[in-house]
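Remarks on the structure that follows.
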Amino acid sequence: MVAKTYAWRKWSVLPGFGLAMGYTLLYLSLIVLIPLAGTFLKAATLTWPDFWETITSARALASYRLTFGASFVAAGVNGIFGLIVAWVLVRYKFPGRRLVDALVDLPFALPTAVAGIALTTIYSPNGWVGKLVEPWGIKIAFTPLGITLALVFIGLPFVVRTVQPVLEDLEPEVEQVAASLGANRWQTFWRVIVPTLLPSVLTGFALSFARAVGEYGSVIFIAGNMPMKTEITPLLIIIKLEQYDYAGATALAVAMLVVSFGMLLFINLLQWWGTRRHVS
Amino acid sequence: MKNQQQGRIARSIAERATTEPRWIRWGLIGVALAFLAVFVVLPLAVVFVAALQKGLYTYWESISDPMALAAIKLTFIAAGIAVPLNMVFGVAASWAIAKFDFPGKQVLTTLIDLPFSVSPVVSGLIFVLIFGLQGWFGPWLNDHDIKIIFAVPGIVLATIFVTFPFVARELIPLMQAQGTEEEEAALTLGAGGWQTFRRVTLPNIKWGLLYGVILCNARAMGEFGAVSVVSGHIRGLTNTMPLHIEILYNEYHSAAAFAVASLLALLALVTLALKSIVEWRVKQQLRGGRHTLVEEPTT
């Protein structure tokens with residue numbers, strides 16, 4: 001038994017591997033793996049036509065378009081502004097920089113329901129911002145635009161926090177060399193800095209997108225939740241549950257799980273690409 | 001003298017070549033600050049303004065209402081169970097992953113991160129499909145009169161699931177960076193396993209551990225989607241603070257909803273402050289750790 005363990009892993013003088021590993025696997029299985037497997041098994045009790053009909057119903061398709069479309073736009077906004085925020089925080093000195101740096105994480109720390117009612121209050125027609133744009137006929141709350149704004153809020157820290165460390169590690173010598181070889185600042189930025197930052201920006205984009213696709217709390221208040229128009233997929237799952245349509249809810253949940261795991265795989269590949277480029 | 005001057009000129013040329021003109025710099029700072037003002041400061045400000053819109057008396061009434069107090073209590077219970085459990089798991093998992101070499105390590109790390117990529121609503125649903133009336137164990141639980149879904153155990157389980165990776169994912173990179181030399185030294189000097197862990201490892205990881213616990217707690221107290229699915233929204237019994245806020249808001253008790261929300265917003269601000277302090281300590285500790293690593297002979 002002992003010999004087998006040693007053959008499986010590299011030998012170490014440190015004790016406690018068996019206990020720590022055993023507990024890790026047990027707890028992981030009980031809390032995460034078995035419940036997830038149970039969900040897939042439950043979906044397997046549905047017939048294929050039923051399953052397919054649920055996940056391709058007109059209402060479900062409309063919810064995917066909204067969820068993925070709004071998430072994509074929000075992640076794009078975060079990609080651009082997140083890069084600017086990270087750049088400013090790493091490269092420039094200005095008063096209050098550390099406070100601003102700490103505030104970037106607020107969307108992680110603020111409960112989503114609180115963010116949801118706050119954003120709705122700001123952007124509803126009589127809110128602080130809603131009032132300003134109403135004379136131009138722009139509606140934000142209870143439209144896809146409002147949903148997108150909520151998703152920008154929720155995904156804001158991802159790009160900043162993935163780009164920041166890479167930018168900090170970027171050695172000034174590389175830029176000095178580029179400049180001494182005759183590149184102007186724009187060329188240096190475009191040809192030297194952007195290629196180095198690209199994997200981290202894309203990783204941040206993907207993380208922000210993945211989070212936005214599953215988001216519920218911050219969106220439902222501002223969404224308006226009209227079927228076919230402003231109804232996101234997680235809400236559709238809840239509606240099916242409230243109608244005791246467990247099969248329908250399970251089918252949609254499995255579809256979302258497959259997308260999430262696909263995203264996770266993609267993000268891991270991106271990170272692997274990033275570290276490989278970083279090393280070479 | 002002349003050399004110094006030349007050096008200064010060369011340095012200023014190098015600086016100018018590797019930074020942007022002043023107008024671009026201030027332009028970018030302006031764009032970044034405006035973006036954060038609209039998306040971060042504004043929502044935070046509106047919470048406190050709306051909470052106090054009807055005066056301090058209404059504010060106090062809203063947060064001392066029995067239903068609000070019950071929600072606060074349940075939130076503390078759920079976080080009080082979920083956070084310690086995930087903390088113990090985080091320490092065990094990072095000990096196994098960071099201090100030992102074994103195949104499949106990457107897969108295990110990815111599996112630990114899995115709950116982060118699951119939508120909160122789906123996280124709640126998976127427990128309904130297991131313990132709910134239609135779920136795998138539903139009929140059995142019903143026969144034995146055990147309630148998990150639409151009761152406190154379901155809320156605790158959903159909270160554990162969504163906060164599962166926090167401590168582990170903070171500790172694993174930290175412990176990997178610190179290596180195993182210090183523990184090996186302690187063991188060589190005759191310390192036992194637990195003694196080594198308590199006297200060597202724990203002091204080394206305490207700030208990282210605290211960091212993970214702070215983040216885990218913030219999410220545990222603020223979780224909405226997953227808890228909403230398993231709670232059943234029974235007032236005074238299965239409503240956590242975020243669910244209580246939802247009900248108040250949907251019933252047009254805006255001031256009361258924001259009053260309770262302001263408590264969670266304060267928690268978020270405290271979390272951010274603690275996080276900044278701890279982050280700074282972790283950085284210092286890592287710098288100390290690196291210092292000893294440099295003296296290690298390369299193998």
Side-chain angles (χ1 to χ4, degrees), chain A residues 8-10 12-17 20-21 23-24 27-28 31-32 35-36 38-39 42 81 84-85 88 92 94 100 102-103 105-106 109-115 117-119 121-122 152-153 156 172 175-176 179 185 210 214 216-217 234 237-238 246 249-250 253 256-257 260 263-264 268, chain B residues 14 17-18 20 25 28-29 31-32 35-36 39-40 42-44 46-47 50 89 92-93 95-96 99-102 110-112 114-115 117-122 125-127 129-130 134 136 160-161 164 180 183-184 187 193 218 222 224-225 242 245-246 249 257 261 264-265 268 271-272 276:
Chain A
W8 177 51
R9 64 177 170 91
K10 236 159 105 186
S12 163
V13 292
L14 297 191
F17 179 75
M21 191 65 177
Y23 183 71
T24 300
Y27 191 74
L28 177 71
I31 301 290
V32 179
L36 279 175
T39 307
K42 199 81 193 170
F81 285 95
I84 295 174
V85 171
V88 164
Y92 304 149
F94 56 92
V100 172
L103 272 179
D105 281 323
L106 185 83
L110 194 69
T112 53
V114 178
I117 62 171
L119 291 169
T121 304
I122 293 169
V152 170
F153 172 82
L156 191 151
E175 285 162 62
Q176 282 163 12
R185 190 62 190 150
Y216 176 70
I237 295 178
I238 297 242
Y246 286 88
T250 310
M256 282 204 78
L257 278 176
S260 312
M263 289 294 306
L264 186 66
N268 276 346
Chain B
T18 54
E20 290 72 45
R25 261 182 303 175
L28 286 177
I29 291 174
V31 169
F35 178 71
L36 291 175
F39 279 98
V40 178
L42 206 55
L44 197 58
V46 87
V47 171
F89 163 74
W95 179 265
K99 302 282 181 187
F100 298 91
D101 260 323
F102 57 93
T110 308
L111 286 178
I112 289 173
L114 217 51
S117 61
V118 176
S119 166
V121 170
V122 179
L125 178 71
I126 60 177
F127 291 103
L129 292 178
I130 290 177
Q134 312 282 321
W136 292 111
I160 293 176
F161 182 90
F164 184 87
T180 55
E183 281 86 359
E184 280 163 12
L187 288 165
F224 177 69
I245 293 170
E246 183 198 19
Y249 188 81
L264 286 176
T271 302
L272 288 188
S276 301

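Letters A, B, ... are given to chains in the order of the sequence lines, protein chains preceding strands, and every chain is numbered from 1. Remember, predicted model here, so these are calculated numbers, not experimental data.
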Open item on the list: Let me confirm one number: the OG1-CD1 distance from A/T39 to B/I126, rounded to the nearest 0.5 Å.
Closed with: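 So the gap between those two atoms works out to 5.0 Å.
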
Open item on the list: As an exercise, state the distance from CD1 of B/I130 to NZ of A/K42, rounded to the nearest 0.5 Å.
Closed with: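 With rounding to 0.5 Å, CD1 (B/I130) is 10.0 Å from NZ (A/K42).
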
For the student: nearest non-hydrogen atoms of [X] and [Y], plus distance:
| X | Y | result |
| --- | --- | --- |
| B/P43 | A/A118 | O-CB, 3.6 Å |
| A/T121 | B/Y249 | OG1-OH, 4.1 Å |
| A/A113 | B/F224 | CB-CD1, 3.8 Å |
| B/A268 | A/L106 | CB-CD1, 4.4 Å |
| A/T24 | B/A93 | OG1-CA, 3.2 Å |
| A/L14 | B/E183 | CD2-CB, 3.5 Å |

Out of [options], which one racks up the most heavy-atom pairs below 4.5 Å with chain A?
| options | result |
| --- | --- |
| B/V31, B/I29, B/L125 | B/I29 |
| B/L42, B/L129, B/V46 | B/V46 |
| B/G225, B/P115, B/A96 | B/A96 |

Where on [X] is there a heavy atom nearer than 4.5 Å to chain B: the side chain, the backbone, both, or neither?
| X | value |
| --- | --- |
| A/L110 | both |
| A/D105 | both |
| A/M256 | side chain |
| A/A210 | neither |
| A/L28 | both |
| A/A115 | neither |
| A/I117 | both |
| A/I31 | both |

Which bit of [X] comes within less than 4.5 Å of chain A, counting heavy atoms only: side chain, backbone, both or neither?
| X | answer |
| --- | --- |
| B/L264 | both |
| B/L187 | side chain |
| B/I245 | side chain |

Below 4.5 Å, heavy atoms only, C-beta onward: do [X] and [Y] meet side chain to side chain?
| X | Y | answer |
| --- | --- | --- |
| B/E20 | A/Y92 | yes |
| B/F100 | A/M21 | no |
| A/L103 | B/L36 | no |

- [ ] Could you tell me which residues satisfy ring pair (Phe, Tyr, Trp, His ring centres under 6.0 Å) with B/F89, sequence neighbours excluded, listed by chain and number?
- [x]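 Only A/Y27, B/F164 meet the ring pair (Phe, Tyr, Trp, His ring centres under 6.0 Å) criterion with B/F89.
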
- [ ] With sequence neighbours excluded, tell me which residues meet ring pair (Phe, Tyr, Trp, His ring centres under 6.0 Å) with B/F39.
- [x]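 Here the qualifying residues are B/F35.
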
Open item on the list: Among A/I237, A/T112, A/N268, A/L264, which residue has the highest count of heavy-atom pairs closer than 4.5 Å to chain B?
Closed with: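 Among the listed options, the one with the most contacts to chain B is A/L264.
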
Task: Top contributor to chain B interface from A/L119, A/V100, A/L156 [non-hydrogen pairs under 4.5 Å] - done: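 Looking at each of A/L119, A/V100, A/L156 in turn, A/L156 comes out on top.
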
Open item on the list: Given 3.5 Å as the limit, does a donor-acceptor pair link the side chain of B/S117 with the main chain of A/S260, or not?
Closed with: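 Between the backbone of A/S260 and the side chain of B/S117 there is no qualifying donor-acceptor contact (under 3.5 Å).
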
